[in-house]
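First up is the structure itself, then whatever we jot down about it.
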Number of protein chains: 2
Amino acid sequence: MDLFHALTDEERSRSRLDAKITALVLDDVDFVTGSTINELAERAGVSPPTITRFCRRLGCVSFADFKVQLARMTYVGLRYLKPELPTTTVSEVIDDIVVKAQDTLFSLHNQLDHDRLEDAARLLRGAGFIQAVGAGGNSSMIANEIQNRLFRLGCHVQSTNDKAMAVMLAAAATPDTVAIVSSMTGRDVELVRCLDLYRHHNVLTIALTQSGSPVAERASVVIPIDLPEGVNIYRPTSTRYAYLAVIDILANLVAYADRQKSLQYLRRIKEELVSNRDGDDRQLLGD
Amino acid sequence: MDLFHALTDEERSRSRLDAKITALVLDDVDFVTGSTINELAERAGVSPPTITRFCRRLGCVSFADFKVQLARMTYVGLRYLKPELPTTTVSEVIDDIVVKAQDTLFSLHNQLDHDRLEDAARLLRGAGFIQAVGAGGNSSMIANEIQNRLFRLGCHVQSTNDKAMAVMLAAAATPDTVAIVSSMTGRDVELVRCLDLYRHHNVLTIALTQSGSPVAERASVVIPIDLPEGVNIYRPTSTRYAYLAVIDILANLVAYADRQKSLQYLRRIKEELVSNRDGDDRQLLGD
DNA sequence: AAGGTTATGTAATTTATTTTCCTTATCGGC
DNA sequence: GCCGATAAGGAAAATAAATTACATAACCTT
């Protein structure tokens, strides 16, 4: 268990001072990472050995180790620990959104199932035709992104944000078709129906969704993405960053399976793009 | 100047041992962050004072400070230091994409111009009609995302991924229209033409783009996003994460400008969604 | 309330880091 | 190629920091 979880673990039995130190650490990471054990002890109102023991309980071998581990997680999730504060100033909004996006990526990194990703990439790579389905705003973006990344690699892919369309696509699927669907809730009634239909037509499916959800249960390969949702209704969900990262990873794995072929397609596309700009070659592939 | 740049700065005059220590640090950050000054000195084949001096030259106040700063950058950019290694295993691809995405967000956080964001949010909030323009794959996603986030807040917004369409939109614009455009290169010839047209029609424009680019020069409000691009041609640009974060921030600022109104729209949308799922209320707003 | 257990502090000890001072290498000018 | 200046580096002493050992206090438990 890493320091992040150890610090936030509600189960951990804490003595009075332990709780006090925990609070201090979470409240001001920057101070703690920069302080000596004496400074920290004084500010916490405890003795230095108490700090050492605190660090050991958290799984660190020493105070120095604790500081390093703490510093390591500063940008990946620590602010998340704090209760959802009302953000009002521009700075607060920026901090909050950026930190949560980073934290989401961090959590994703810890939970990704490598084998399932490889399975999914293998399916995509071998597919004669790929159908990407996602609707409702966030997942539409993901479906479109799948198309955007894969056609560049020479895949034949069609994305749709229309579940009625997906039904028709499934009906038209040939045996070498693979469908990839995205649903953050995994409980979309129509998407579930689509998946049943895909199965009925023997079309293999890949799902990016919450594990254990109805969508997950019906897919051939599931890439589970289980992340806490923010409670701020005004704010778009940071889970999108995780889904986007999964698409990036899949596209990369597909590309790497046949570098020669991928490179050829990418170059061809790039040549067209550059001629449409000012001839500067240092351009991005697709703005 | 931060440690990251100090370590990689080619300009920095380095003595023989300094170069040796630099190389050791970059090669094995994990060892360095976990070692004592003596262990590091021994492994580098130098004396402890040399390490202390090395840290000071890099702008740290002590070896402990150096270790903490080093630990802090592990997740934000360190991989950039090493030559782009061919990533082959699933783990490597995952690490690479997640680390670069986090790094991109980190860089963004450091460079965002708060005042410009506030200006942009104010324009959007006050607009009678918003036109979002972005094309070419990555920026299309951003334009769509702008529409997706803003209509939920009660804004009247139309996005297009078609620059010819943008020309027509500009021509049809009323005085209360605001256009928001995205271009990662900032050098798209057609988009530049669109911006000139918008200006000609007295339509205020917001640009998310590279600072100093032709697109930036023509917009009323520029939100500069200047990020290093990975050189790996297979990799979709991690810059997307930064653009997405900017959209999130803008949408949030717009929502906060009139919470009551935003809440009202968001609730209405949510009610419709829930009835279309399985009635579970803990659902996302738009999958 | 006695007995055990856990938490905490004090002081001693150990370990780690920095400073001071001295030596050695390097470089430019003659 | 030698001299002097300057910077780099190391050894050892001094200092600072962290941990251990031990003592004491708080807290359960029955």
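Bear in mind that the values here come from a model prediction, so they are computed numbers and not experimental data.
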Ring geometry between Phe66(B) and Phe54(B) (parallel below 30°, tilted from 30 to 60°, perpendicular above 60°): perpendicular

I want to verify a distance call: between [options], whose nearest atom is closest to the [X] side chain?
X: Thr50(B); options: dG9(C), dT19(D), dG10(D); result: dG10(D)
X: Ser62(B); options: dA18(D), dT18(C), dT19(D); result: dT18(C)
X: Phe63(A); options: dT10(C), dT18(C), dA18(D); result: dA18(D)
X: Ser47(B); options: dG10(D), dT8(C), dT17(C); result: dG10(D)
X: Thr36(A); options: dT17(C), dA18(D), dT19(C); result: dA18(D)
X: Arg53(A); options: dA11(C), dG9(D), dC22(D); result: dC22(D)

dT17(C) phosphate, OP1 or OP2, under 4.0 Å from Thr52(B) side-chain N/O: no

Under 4.0 angstrom between Arg56(A) side-chain N/O and dT20(D) OP1 or OP2: yes

Sole candidate of Val93(A), Val90(A), Thr89(A) that passes side-chain contact (heavy atoms from CB on, under 4.5 Å) when paired with Tyr256(B): Val93(A)

Gap between atoms [atom1] and [atom2], on [X] and [N] respectively (whole Å):
X: Ile51(A); N: dA7(C); atom1: CD1; atom2: P; answer: 15 Å
X: Asn38(A); N: dT15(C); atom1: CG; atom2: C1'; answer: 14 Å
X: Lys67(A); N: dA18(D); atom1: NZ; atom2: C1'; answer: 10 Å
X: Glu39(A); N: dA18(D); atom1: CD; atom2: C1'; answer: 13 Å
X: Asp65(A); N: dT19(D); atom1: CG; atom2: C1'; answer: 14 Å
X: Ile37(B); N: dA16(D); atom1: CD1; atom2: C1'; answer: 13 Å
X: Leu40(B); N: dG9(D); atom1: CG; atom2: P; answer: 14 Å
X: Asp18(A); N: dA26(D); atom1: CG; atom2: P; answer: 19 Å

Donor on one side chain, acceptor on other, Asp18(B) and Thr22(B), under 3.5 Å: yes

No-hydrogen, no-angle side-chain donor-acceptor test under 3.5 Å, Ser47(B) and Thr50(B): yes

From Asp113(B) atom CG to Ile225(B) atom CD1, the distance as rounded to the nearest 0.5 Å: 11.5 Å

Earlier contact from the 5' end, DNA chain D, for Gly45(B) and Pro48(A): Gly45(B)

